Structure formats: structure tokens, C-alpha cells
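Please read the structure below before turning to the comments.
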There are 2 protein chains.
Amino acid sequence: MAEREVDRSVSQTVKAQLALRDQILSGALRPGERISELQAVETTGASRTPVRMALVRLEEEGLLEAIPSGGFMVKAFSERDISDSIELRGTLEGLAARFAAERGVSARELEPLKECLAAIDELLRQVPISIEAFSSYVTLNARFHALLTELSRSPPLIRQIDRASALPFASPSGFVMAQSALPEAQQILIIGQEHHRVVIDAIENREGARAEAVMREHARLAVRNLRLALRNRTHLDLLPALALIKTAAD
Amino acid sequence: MAEREVDRSVSQTVKAQLALRDQILSGALRPGERISELQAVETTGASRTPVRMALVRLEEEGLLEAIPSGGFMVKAFSERDISDSIELRGTLEGLAARFAAERGVSARELEPLKECLAAIDELLRQVPISIEAFSSYVTLNARFHALLTELSRSPPLIRQIDRASALPFASPSGFVMAQSALPEAQQILIIGQEHHRVVIDAIENREGARAEAVMREHARLAVRNLRLALRNRTHLDLLPALALIKTAAD
DNA sequence: TGAATACGTTATGTATACAATAACGGGGAG
DNA sequence: CTCCCCGTTATTGTATACATAACGTATTCA
């Protein structure tokens, strides 16, 4: 293979990582399936060295699992794994909110959060919400959670929350998409927005315990909704957990 | 270099990872210092490919930081980073204790925990505690925390706790060693043991909130003690955080 | 007929060669 | 004297060749 198309705008390692992640999350690679390096080389266009780096990184992200005899396989998640991951993330975000409240946050730092809040309010005014508005909601919600995390000013915590969000179903967008499958979707979004409002208020008033409690409740709500969504499996196309859920056995 | 001493009992990647971690934690590589791959190849005896894999893994562990222009440097931690990491870990362990309590644990599963507890009781009966006994304590305490984590039966949570413990100062042994520098060390160990006792009791009685609360208090105690230990910098030889603390200029 | 072993094939682990880029230093010009 | 540009050097990023271990298959012997 003499001529190889090389995209020099990003490193081969990053390119391979993105391509492989796509394949996993799109379901092209099934949970439990072994990933062949050679095959990955062909589909990603990178050579074996960057592919291997990407595989190691994806393992650390939690999308892959090392096989003892060598190589990697796509990790499979049970429904409980997924709900635990969401609750875990909520617990971490709760700690972030507590840190923000206890350590104090200036009005200027809170401003972007409030803008997010207002923008979401605007979107939710539509009944029923349009597809485009819902898409904007997903983006704004993710932004809100990211900003909130930043407010903790704690690099170790921020790092850990990022790691916990690497699993698609545990990310803020994952929450929302899972919830969108439910008939009560709009009502759920409104309750979530109420949580957002409370956490900002708690941080402003330096009520650490209240800020933490509401974020945990926020996650528990998401867990309940995910369970519901998985029960009546309707409109689950958007659910990013789907491709990773253990199929049979276990 | 024709003849290279190759230890075939473990993979070169693992060997390099262990060797580099040692170098970092022993302080041979200073925080902020760039790690040269070539140099790492010489000191570890592995070739560049496994060295690079090890570097990626150590970055994910949190011991290294990627340099935007390429390569890795030893991560530097502030005192607050360290205390946050401990509190973070305590929060995670709190969640694990809650899961264990809420999901129920059989008497048989609790048995090893109780054995740990009894063994530590035995050690603490010595006043003052001997060096050997203290060393045993460190091991037993780490075992206790690991067993408790397992009781959650939540792979995602266990995984996250393991990651949070990768930083030496955030591991159970790290807690203890930091505390050992204080004059009130023995009293502190006794209080910690009381926490251990309470969490088992709470899990047995399926009191999730109480189990969670005591583990968080356990960590907060560790944070307070770490602060004290860092204030009066006496006998800090054992403190595994030392090699990683930012020196000057935050 | 079944099981066990040996062999061949395939995939991963490792090493190294090559390419590209970023850092550093020197020299020249303003 | 200082600043900028260019060339050199060192270091990382990438590709590939080679070694080794695992798996499957076929054949043979009990």
C-alpha cells in the first residue's frame, strides 16, 4: 500500500481515536466484539502505532476492555451499569456544586450560567418543543453542566467528571436524549430546568449542602427516566446507550 | 544495541509503566519536568513503542500531563489539588457504602471486612504502635477500603474509585501515611477505626445515608489531618504526596 | 469415534527506521 | 544593542518489519 491518504490537520492518533469511537457508538462494532488492529488500520487509515495508542486511550475512557490474552474488545454495559454511571456523575456534579457554593463564586462567573438558564427557558416556552429547539436544548444543557463543573475550581474534580462523562450515556446529552424517548419528555425538561435554577440560587447564597442535594436529585431523576425509557422501548434511536448495552446473557 | 536484557515474565509495556511510575513517585523526575522518551527508553530498558504506551497510561492515571506541542511532563499538584482528591475519593467511597447498604450485603460477604476490623483492633491495642504494626495497619486499611468498594457491586463505581486512588496521596495508604506524620497519629487511627466500625454497622442495618455520611466524614478527617501535617512539616518522609507537590510559583 | 498433539495461520507485542516538527542558537540587519 | 530570521539539532509522530504467542484445524493414535 504505497499511497496512503494522510490528513495532516490532526494527528493520526486522534483521527484513529475518533474513528474508532464512532464505530463503537454507531454500533458498527458490537459489544463484546474483539477489535482487530489490522481491521482498525484499514478502517481508520492510520497505521498500527497510532491505532494502538488510540486503543489504549479508548480503554482508559471505558469504551474498550483489555483481553487478558491480548488485544481489546468493545465493552458491554448492563442497564445497572448505566444507571450507576449516571448516579455517579450526579454525585460528582453535586460535589462540584458544593465546592462552588462553599468557595464562593463572583457574579461575573455566574453570568454565563444564567444566560444558559435564560436561553433554555426561552426554548421551553414552546409547547410542544420543536426538533430544532430540542437540539439546541441538548447543546445548552451540556454547556450548563460544563460551566457548573468549572465553577468548582477543582482540577482533580473537573478531570474526574470529564472521565465520568466519557461514557456517552453518562454525559448530560445522554441524560437528555434518553429522556426524550418518554411521552412526558417536556415535563421532565421543565423539572430539570427547575433543578438548574435551584443550584444557581444555592451557589449564589453559598448553601453548599443545598447545591449538592439538588444536583444529586437531578441525577436520580435522570436514572428514573432512563429506566422508564428502557422499559417502553419507543423512539430509542437517539439513546446513545443503546449500542453499548449487553445483549443476551448477563 | 544488539543484546538487550529482556525480562519475558512481564510485558515490556507494564515494565516501563512500573519503572516510570517509580521514578515519578520517588522524585527522580521533578514535577513540571519534561519526560524524554529517549531517556525513558534508557532507564526502563524497553523500546520506544512500549514506553509510549506506558506514557499514555500514566497520563490517564493522572501522573503525567500531555504537553500541547508534544510529549509529556510530570504533573504538579497544589495542596488544594491533593485535599480535593482525598475528598473526591471519600465522596465516591461514600456512594459505594450507600450502594452496599441499599442493595444489601450477605453476612458472608461482610465477613472479610469484619476480619480486617478485628485485625486492626488488635494492632491498635499497642500504645505506642510499633513500626511493624503501623506497616501492617497500612496494608489492612487499604484492604478494608478495597473490600468496601467491592461491596457496592457496581463496576463503574469501582473503576472510578480505582482511578481516584491512582494518585498516591489519594489512596487509603496515602491518607494514613500523611496522618502518621502527626503527633496525634495514634488517636487519629483510632477515630478512623471507629468510622470503619460505623460503616459496617450501617451497611448491616441497610442504612444507606448513614453509611455514606460516615465515609465522607472519614475523608474530611483525612483532609484536615493532611493540612496539619503539611503545616508542621515534620517526619514527612513517608508522605507520598511530597514528590508531586508544586514547588514554587503556583 | 473421540481425544490429544502437532503444525500452520493469524494477530498481537516489540523494535527500529524514517519523517516532520518544534526548540534552540547563531548570525545578520535595523 | 536588540530583534528577527534562518539553519541546525534534537525530539516526537508515524510507519513498518520482525518476533512471539495464541488459536484453529487436521491428522493420528488409542
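In this text, all values refer to a predicted model and were calculated from it rather than measured experimentally. Naming convention: chains lettered A, B, ... in sequence-line order (proteins, then strands); numbering from 1 in each chain.
- Residue B/Leu55 is classed as having no contact, given no heavy-atom separation below 4.0 Å to the nucleic acid.
- A sub-4.0 Å separation between OP1 or OP2 of C/dT14 and a side-chain N or O of B/Thr13 is present.
- Remark: C1' of D/dT14 and NZ of A/Lys15 are 11 Å apart, rounded to the nearest angstrom.
- Rounded to an integer number of Å, the gap from CZ of A/Arg34 to P of D/dA22 is 11 Å.
- In this structure, A/Arg52 does not reach the C/dT12 phosphate: none of its side-chain N or O atoms is under 4.0 Å from OP1 or OP2.
- In terms of modelled atom types and a separation under 3.5 Å, the side chain of B/Ser152 and the main chain of B/Leu148 share no donor-acceptor contact.
- The shortest distance between side-chain heavy atoms of A/His196 and A/His145 falls below 4.5 Å.
- In this structure, A/Leu38 places its CG atom 14 Å from C1' of D/dA17, rounding to the nearest Å.
- Between the CD atom of A/Gln12 and the C1' atom of D/dT16 there is a distance of 14 Å, given to the nearest Å.
- For the pair A/Glu59 CD and C/dG13 P, the interatomic distance rounds to 11 Å; values are reported in whole Å.
- Between A/Ser165 and A/Asp162, the side chains place no donor N or O within less than 3.5 Å of an acceptor N or O (distance only, hydrogens not considered).
- You'll find that the side chain of A/Arg48 is closest to D/dT16, out of C/dT16, D/dT16, D/dT14.
- Between D/dT14 and A/Thr49, no contact under 4.0 Å exists linking OP1 or OP2 to a side-chain N or O.
- Residues B/Phe77 and B/Leu167 meet the side-chain proximity criterion, which asks for heavy atoms closer than 4.5 Å.
- One can place CE of A/Met53 at 10 Å from C1' of D/dT14, the figure rounded to the nearest angstrom.
- Going from atom CD1 of A/Ile67 over to atom C1' of D/dA21 covers 14 Å, rounded to whole Å.
- The two atoms that bring B/Ala19 and B/Thr44 nearest to each other are CB-CG2, 3.8 Å, heavy atoms only.
- Rounded to whole Å, the distance from CD on B/Glu37 to P on C/dT21 is 17 Å.
- A sub-4.0 Å separation between OP1 or OP2 of C/dA23 and a side-chain N or O of B/Ser69 is present.
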